Protein chains: 2
Amino acid sequence: MADTAIQIGELSRRTGCNIETIRYYERIGLMPAPPRRGRYRSYGAGDVGRLGFVRRARELGFTLDEVRALLGLAAGGEASCAEVRVLASAHLGDVRARIADLKRMERVLADSVRACDAGQDPGCPLIDALYAEPRLPPTGC
Amino acid sequence: MADTAIQIGELSRRTGCNIETIRYYERIGLMPAPPRRGRYRSYGAGDVGRLGFVRRARELGFTLDEVRALLGLAAGGEASCAEVRVLASAHLGDVRARIADLKRMERVLADSVRACDAGQDPGCPLIDALYAEPRLPPTGC
DNA sequence: GATACGATCTGTAGCGACTACAGACTCAAG
DNA sequence: CTTGAGTCTGTAGTCGCTACAGATCGTATC
């Protein structure tokens, strides 16, 4: 309601989003090009909301394309909740897959570090593990 | 041993590493520039081993700089096992931090999708969550 | 010999999501 | 009038590849 026109620095402070990133979002069309006061970009409350939305979606790991889609659906009202659900649960699948990947890495790394600490191997356990063939045993033709 | 000279395609097949990626590793100095038979790169058993090492290290999430360091240490014998341990446990810390990040995302996403399925909200729970301020309550000056 | 095919060659540009400059300008305070 | 902070545009860098275009090579077949 009030004339809450702010500059890019203030928008950055309020959203925690880097100034360069804000301009980048404008360049790629994720944020609208705001009106100018002189040469300076002039933002309003709506921009603070939108950018906050983007930032929080990014924190949940959505790609910028997904964020773009979410922004579109957010404008669409209740009807789009089902579509949001589809997007979110697909992304949830991605996140879970990445967690599974990382846990596999974690296990191998933790094992190697533990073997290192035990210090019974002749060589370095991690280096040896990295040099070992994953499938073929060392013997055989 | 035998004259196991192979071309880049065969190296790619044996290591599961893309041809373009092999050339990229050469360009950035991660793999040595091999001798040529005519104009074609000619690799030996050592290259298969080294590239396999790189690939497995990458699968454990090490950055290329870390892989470079590991390769250096691998050549250094037993003395460097302690340094390998330092590298590996630092990286393990990174991996665990990333897992923690992703788990936080997972929780929020799963909650939102569940709230979506419950379908009691007037709006879309995920969209609402993304628009909500994380710290400030909606009331107050 | 011609010719077709597959593999390889070099060099460059693209991806995603920023980040980091350089060098110019605007605006308010001292 | 000068200084300093803020902002502007435009471009290039990051990481780890990946994807071309267009040339060349070696071998097999007709």
Side-chain angles (χ1 to χ4, degrees), chain A residues 5-44 47 50-71 91 94-95 98 101-102 105, chain B residues 5-44 47 50-71 91 94-95 98 101-102 105:
Chain A
I6 56 171
Q7 289 188 331
I8 200 168
E10 182 60 22
L11 179 58
S12 169
R13 244 164 280 126
R14 288 200 200 172
T15 56
C17 186
N18 197 317
I19 289 180
E20 321 259 35
T21 305
I22 296 172
R23 287 196 284 248
Y24 168 70
Y25 286 165
E26 181 182 324
R27 233 176 16 253
I28 64 168
L30 200 64
M31 290 291 289
R36 305 281 179 127
R37 249 196 225 279
R39 262 156 238 263
Y40 292 3
R41 289 170 179 82
S42 174
Y43 296 99
D47 298 303
R50 187 180 174 99
L51 185 53
F53 182 101
V54 171
R55 219 177 69 85
R56 281 184 286 274
R58 291 287 303 130
E59 274 168 10
L60 290 181
F62 287 102
T63 65
L64 290 182
D65 270 355
E66 288 168 335
V67 176
R68 221 187 291 269
L70 285 172
L71 281 165
H91 178 57
D94 284 1
V95 168
R98 277 198 282 156
D101 270 5
L102 286 167
M105 295 181 200
Chain B
I6 56 171
Q7 290 187 334
I8 200 168
E10 181 61 21
L11 179 60
S12 168
R13 246 164 278 126
R14 289 202 199 170
T15 56
C17 185
N18 196 317
I19 289 180
E20 320 259 35
T21 305
I22 296 173
R23 286 197 283 251
Y24 168 70
Y25 285 165
E26 181 182 326
R27 236 181 6 260
I28 64 168
L30 202 62
M31 291 292 289
R36 303 284 178 126
R37 251 194 223 279
R39 260 156 240 264
Y40 292 3
R41 290 171 178 83
S42 174
Y43 296 98
D47 297 304
R50 188 182 174 98
L51 185 53
F53 183 102
V54 171
R55 220 178 68 86
R56 282 184 285 274
R58 290 288 302 132
E59 274 168 10
L60 290 181
F62 287 103
T63 66
L64 290 181
D65 269 356
E66 288 168 335
V67 175
R68 221 187 292 270
L70 285 172
L71 281 165
H91 178 56
D94 284 0
V95 168
R98 277 198 282 156
D101 270 5
L102 286 166
M105 296 180 199

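The model shown is predicted, which means the values in this text are computed figures rather than measured ones. Reminder, nothing fancy here: chain letters follow the sequence lines and each chain counts from 1.
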**Item:** Pair listing, salt bridge (charged side-chain N to carboxylate O under 4.0 Å, His left out) test, anchored in residues 25-36 of chain A, at least two apart
**Value:** E26(A)-R41(A)

**Request:** Would you mind reading off the distance between E26(A) atom CD and dA17(C) atom P, rounded to a whole angstrom?
**Result:** 19 Å

**Request:** Show the numbers, then the answer: is there a side-chain contact (heavy atoms from CB on, under 4.5 Å) between L71(B) and L30(B)?
**Result:** CA-CA 9 Å; L71(B) 281 165; L30(B) 202 62; 4.2 Å; yes

**Message:** Among residues at least two apart in sequence or on other chains, which ones pass side-chain hydrogen bond (donor to acceptor under 3.5 Å, both in side chains) with R23(B)?
**Reply:** none

**Item:** T21(B) side, atom OG1; L51(B) side, atom CG - distance, nearest 0.5 Å
**Value:** 9.0 Å

**Request:** Grab the CD1-C1' distance between I8(A) and dT26(C) for me, whole Å please.
**Result:** 15 Å

**Between CG on residue D47(B) and CD1 on residue I22(B), distance to nearest 0.5 Å** = 9.5 Å

**Complete:** When rounded to whole Å, the CD to P distance for the pair E66(A) and dG16(C) reads 12 Å

**Request:** Using atom CZ of R55(A) as one end and atom P of dC18(C) as the other, report the distance to the nearest whole Å.
**Result:** 11 Å

**Fill in**
Across all chains, not counting sequence neighbours, the side-chain hydrogen bond (donor to acceptor under 3.5 Å, both in side chains) partners of E20(A) are none

**Item:** H91(B) side chain to E66(B) backbone, donor-acceptor under 3.5 Å
**Value:** no

**Complete:** Sorted by chain and number, sequence neighbours left out, salt bridge (Lys or Arg N to Asp or Glu O under 4.0 Å) with R58(A) holds for none

**Partners passing side-chain hydrogen bond (donor to acceptor under 3.5 Å, both in side chains) against N18(B) (at least two apart in sequence or in another chain)** = none

**Prompt:** So where does chain A start and stop touching DNA chain D, 5' to 3', when the test is distance under 4.0 Å to a non-hydrogen atom?
**Reply:** dG6(D) to dT9(D)

**Message:** For F53(B), give me all partners under ring pair (Phe, Tyr, Trp, His ring centres under 6.0 Å), at least two apart in sequence or on another chain.
**Reply:** Y131(A)

Output one line per pair: protein atom, nucleotide atom from nucleotides 3-6 of chain C, and distance, for all N/O pairs under 3.5 Å.
none

**Message:** Between the opening five pairs and the closing five pairs of the helix from dG1(C)-dC30(D) to dG30(C)-dC1(D), how far apart are the helix axes, to 10°?
**Reply:** 30°

**Request:** Mind checking G9(B) for me? I need base, sugar-phosphate or nothing, with any heavy atom below 4.0 Å counting as a touch.
**Result:** sugar-phosphate

**Prompt:** Using a cut-off of 4.0 Å on non-hydrogen atoms, how would the nucleic acid contact of R58(A) be classed: base, sugar-phosphate, or nothing?
**Reply:** sugar-phosphate

**Prompt:** Which whole-number value in Å describes the distance from D65(A) CG to dG16(C) P?
**Reply:** 7 Å

**Asked** Rounding to a whole Å, what distance do you find between R27(B):CZ and dT10(C):C1'?
**Response** 10 Å

**Item:** Non-neighbouring partners of Y43(A) that pass ring pair (Phe, Tyr, Trp, His ring centres under 6.0 Å), sequence neighbours left out
**Value:** none

**Request:** Please state how far atom CD1 in I6(B) lies from atom C1' in dT8(C), giving the value in whole angstrom units.
**Result:** 14 Å

**Request:** List in chain and number order the residues that pass side-chain hydrogen bond (donor to acceptor under 3.5 Å, both in side chains) with R13(A), two or more places apart in sequence or in another chain; answer none if no residue qualifies.
**Result:** E10(A)

**Request:** Name the nucleic acid region contacted by I28(A), choosing base, sugar-phosphate or nothing; use a 4.0 angstrom heavy-atom cut-off, strictly under.
**Result:** nothing

**Prompt:** Between dT8(C) atom P and N18(B) atom CG, what is the distance in whole Å?
**Reply:** 12 Å

**Request:** Map R39(B) and T63(B) onto DNA chain D by nearest heavy atom, then report which one ends up closer to the 5' terminus.
**Result:** T63(B)

**Message:** Applying a 4.0 Å non-hydrogen cut-off, can you work out what R23(A) is touching in the nucleic acid: base, sugar-phosphate, or nothing?
**Reply:** base

**Asked** When you match T21(A) and S42(B) each to their closest nucleotide on DNA chain C, which lands nearer the 5' end?
**Response** S42(B)

**Request:** Please figure out whether E20(B) or Y25(B) has its closest DNA chain D nucleotide nearer the 5' end.
**Result:** Y25(B)

